[in-house]
Amino acid sequence: MKAAPDDQLRLLDLQALDSAADRLAHRRRTLPELAEVEELSARVDRLADDAVLLETEDSDLSREQSKVDADVEQVRARMQRDQQRLDSGQVGSPRELENLQSEIESLHRRQSELEDVELEVMEKREVVQTRLDELRREREQATLTLGETEQRRDATWAEIDAEADKTATQRAELAATLPGDLRALYEKVRSASAGIGAAALHRGRCEGCHLQLNTTDLNRIREADADEVLRCEECRRILVRTADSGL
Ligand SMILES: [Zn+2]
């Protein structure tokens, strides 16, 4: 393939813009904020799940507490009724009197047992609610940090996108000045060779694969016409001669 030496040199400018665009795209994909956002989102979700579990536990305990409260109330009412009967002096038979007194005693014991349970449930609830408050605070903090990290990510993305737009415009303008066949060859090699389609020959070395050319290849290049499009024998990239080629 033939191409004017100036066009070949401009291929290196095109390569520089493509490499810049690749670096920007890579930076966009690998921002540290991306991993941070992922981690924080997972943390917020986990804290929300943990809170749901504790809320369920708390509402179970609340139901248990209401039940014990109702039981205590029932025992208290029964005791009051028994006591009133006892105080009224209407209970005549000694046997009935004894039964009543024994019932009041057993109701006292029952009340004391229920009050212990009540206390135990209240203590459990306090532990659950304290942990729930902690979880909610942790979640609030994590959500806040997540929002800040997302903002930082978006700001950096916007910078990268603006830079990428600028690079893309420059690239389009430059590409339009190059002959179609040279451009097509460059694109083909670039897509097959890790993003580098054209490389300078710098002091006898290919800047694409960084290998020093042997004397035979260098001699062949010295003899080639200036408009001959050369390829590196090692990496097959388009090899562009410059003033620093060492020929
Ligand atoms: Zn090479």
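Each ligand, and each atom within it, is numbered from 1 in the order the structure gives.
- Under a 3.5 Å cut-off, the side chain of Thr156 and the backbone N or O of Arg152 do form a donor-acceptor pair.
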> Between Arg153 and Glu148, does a salt bridge (charged side-chain N to carboxylate O under 4.0 Å, His left out) hold up when you go through it step by step?
Replying inline: CA-CA 9 Å; Arg153 174 202 63 192; Glu148 285 165 3; over 6 Å; no
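- Protein N, O or S atom count below 2.8 Å of the Zn ion (ligand 1): the structure gives 4.
- A donor-acceptor contact shorter than 3.5 Å links the side chain of Gln15 to the backbone of Gly197.
- In this structure, a donor-acceptor pair under 3.5 Å is present between the side chains of Arg10 and Thr177.
- The residue from Leu230, Leu185, Leu12 that alone fulfils the side chain to side chain contact (heavy atoms under 4.5 Å, CB included) condition with Ile238 is Leu185.
- Heavy-atom contacts from other residues, nucleotides or ligands closer than 6.0 Å to CD of Glu134 number more than 12.
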